[in-house]
Peer 1: 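Here it is, the structure in full.
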Amino acid sequence: MASQDGNGSGIVMRAAGAPAGGAARAPTPAVGPSKRSEVPIKKAGGGIEEKLHTWPFLVRSEFMMSILIVIVLTIWSLMLNAPLEQPSNPTRTPNPSKAPWYFLGLQEMLVFFDPWYAGVVLPSFIIVGLMLIPYLDINPKGNGYYTLRERWFEIMTFFMGFHILWVSFIIIGTFFRGPGWNWFWPGQVWDPHLVEALTNVDLPYMVGIRDYMAAAIFGLAMIGGYFVLSYIALYYWIRARPAGDPRSAFPGGGPEILQKWGPVRFGITGFLLIAMVGVFIKMALRHALNIKYILVTPWINI
């Protein structure tokens, strides 16, 4: 006959007339008709991870979060003074003339990059990168796993690209950029007559290069060297990932990641990451050394 043991850990096949008490014992070979044998049988479904339904667990959390966001936006709208301005006058441009808040990130990048690069190339990288995420992500825990432990690299990349590289630009353009697109700290009066003298120079000019062709070659060499060295550093950084890392979904470590990633996906992902980090480097060079452009040509400036 079949019965379940006391702690519910399994089902034990017991011969007829055998006592029901005691824990499950290891199976013993049957010698004669008076001997008994006990064979443990695993419970059905053992080893399967527990799963939760979308309703009500996920939908309930999303609904509560949406209510909280609505409450915060309602309180903010009641406390913020946002009166209507004068009707638009084409003969008088307001100072500062700001784009809508969702375009302030692009307007802020115009301070650091050429208009074609800030308004066309970088937004194209963002759109193409978002479309390629499902094809570049090889993490087996990509669906339904959003914790920092299981998706550390993906969450950090999203945090740097969205919150730091996009949301921070919107905050800067809204609260820190005043008349003349000058920088004003919180509490500082926005003086429309403020004039700041900025001595911005191109990198080839800073190192003493005056010829257009030599400046273009120097700029291309600098940008190409940056990408080559960054690819090498990224490759060895991933390869050095230890095996059995709890923050990684690949038990084999870096070699397993590179093998499953492949050269094509590694190259595309590396290009997008290196280009994104290059935006921070270009901004740092502008703030620290007043460097305007690295690559200078009559047609393209970066």
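Position 1 is the first residue of the sequence; numbering continues from there.
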Peer 1: Say whether, by atom type as modelled, one donor and one acceptor occur between the side chain of K98 and the main chain of G173 under 3.5 angstrom.
Peer 2: yes

Peer 1: Which heavy atom in F169 sits nearest to a heavy atom in M109, and how many Å separate them?
Peer 2: CE2-CG, 3.2 Å

Peer 1: Does atom CZ (F176) have a neighbourhood of more than 12 heavy atoms from anything else shown, all under 6.0 Å?
Peer 2: yes

Peer 1: Around atom CZ of F280, are there more than 12 heavy atoms from other residues, nucleotides or ligands closer than 6.0 Å?
Peer 2: yes

Peer 1: Between the side chain of Y235 and the main-chain N/O of F266, is any donor-acceptor distance below 3.5 Å?
Peer 2: no

Peer 1: Is it possible for you to say whether L220 and Y226 belong to one hydrophobic cluster, with membership spreading through side-chain heavy-atom contacts below 4.5 Å?
Peer 2: yes

Peer 1: Verify the neighbour count for atom NE2 of H163: are there more than 12 heavy atoms of other residues, nucleotides or ligands below 6.0 Å?
Peer 2: yes

Peer 1: With rounding to the nearest 0.5 Å, note down the distance linking CD1 in I138 to CD1 in I257.
Peer 2: 7.0 Å

Peer 1: I need the L285 CG to M283 CE distance, nearest 0.5 Å.
Peer 2: 11.0 Å

Peer 1: Enter the distance from M206:CE to N200:CG here, rounded to the nearest 0.5 Å.
Peer 2: 9.5 Å

Peer 1: Does Y231 reach the main-chain N or O of G267 with its side chain, forming a donor-acceptor pair under 3.5 Å?
Peer 2: yes

Peer 1: For the atom pair CG (L295) and CG (L203), what is the distance rounded to the nearest 0.5 Å?
Peer 2: 10.5 Å

Peer 1: Applying a strict under-4.5 Å side-chain criterion to I, L, V, M, F, W and Y, I'd like to know whether L110 and W181 cluster together.
Peer 2: no

Peer 1: K282 versus I302: any side-chain heavy-atom pair under 4.5 Å?
Peer 2: no

Peer 1: In terms of hydrophobic clustering (I, L, V, M, F, W, Y; side-chain heavy atoms under 4.5 Å; direct or indirect links), are V296 and V201 co-clustered?
Peer 2: no

Peer 1: Is there side-chain contact between T297 and Y212, with at least one heavy-atom pair below 4.5 Å?
Peer 2: no

Peer 1: Say you draw a straight line from CD1 of I69 to CH2 of W76; how long is it, rounded to the nearest 0.5 Å?
Peer 2: 12.5 Å

Peer 1: For the pair S230 (side chain) and F227 (backbone), establish whether a donor and an acceptor sit closer than 3.5 Å, ignoring hydrogens and angles.
Peer 2: no

Peer 1: Indicate the atoms forming the closest heavy-atom contact of I291 with R286, along with that distance.
Peer 2: O-CD, 3.2 Å

Peer 1: Can you confirm whether L122 sits close enough to Y117 that some side-chain heavy atom of one is under 4.5 Å from a side-chain heavy atom of the other?
Peer 2: yes

Peer 1: Are L234 and V264 in one and the same hydrophobic cluster, where Ile, Leu, Val, Met, Phe, Trp and Tyr link if side-chain heavy atoms are under 4.5 Å apart?
Peer 2: yes

Peer 1: My understanding is that only one of D202, N301, D114 makes a side-chain hydrogen bond (donor to acceptor under 3.5 Å, both in side chains) with Y293; could you say which?
Peer 2: D114

Peer 1: For the pair K292 (side chain) and F113 (backbone), establish whether a donor and an acceptor sit closer than 3.5 Å, ignoring hydrogens and angles.
Peer 2: no

Peer 1: Do I67 and F57 share a hydrophobic cluster, counting only Ile, Leu, Val, Met, Phe, Trp and Tyr and linking them when any side-chain heavy atoms are less than 4.5 Å apart?
Peer 2: no

Peer 1: Going from CG on L273 to CG on L136, what distance comes out if it is rounded to the nearest 0.5 angstrom?
Peer 2: 9.5 Å

Peer 1: Using modelled atom types only, decide if a donor and an acceptor are shared between the side chain of R265 and the backbone of W261 within a distance under 3.5 Å.
Peer 2: yes

Peer 1: Could you tell me whether R210 sits above the aromatic face of Y205, with NZ or CZ closer than 6.0 angstrom to the six-membered ring centre and within 45 degrees of the axis?
Peer 2: yes

Peer 1: Is it possible for you to check whether R241 lies under 6.0 Å from the centre of the six-membered ring of W237, through NZ or CZ, and within 45° of that ring's axis?
Peer 2: yes

Peer 1: Return the minimal non-hydrogen interatomic distance between L106 and A118, and the atom names on each side.
Peer 2: CD2-O, 3.5 Å

Peer 1: At their closest point, which heavy atom of I170 faces which heavy atom of T174, and how far apart are they?
Peer 2: O-OG1, 2.8 Å

Peer 1: Without swapping roles, check the side chain of E108 against the backbone of R177 for a donor-acceptor pair under 3.5 Å.
Peer 2: no

Peer 1: Locate the shortest heavy-atom distance separating M276 from G161; write the atom from each residue and the value.
Peer 2: SD-CA, 3.5 Å

Peer 1: I need the minimum non-hydrogen distance between P204 and V207, along with the two atoms involved.
Peer 2: O-CG2, 3.1 Å

Peer 1: Using a cut-off of 6.0 Å, state whether more than 12 heavy atoms not belonging to W116 lie near its atom CH2.
Peer 2: yes

Peer 1: So does P179 get a backbone contact from the side chain of N182, meaning a donor-acceptor N/O pair under 3.5 Å?
Peer 2: yes

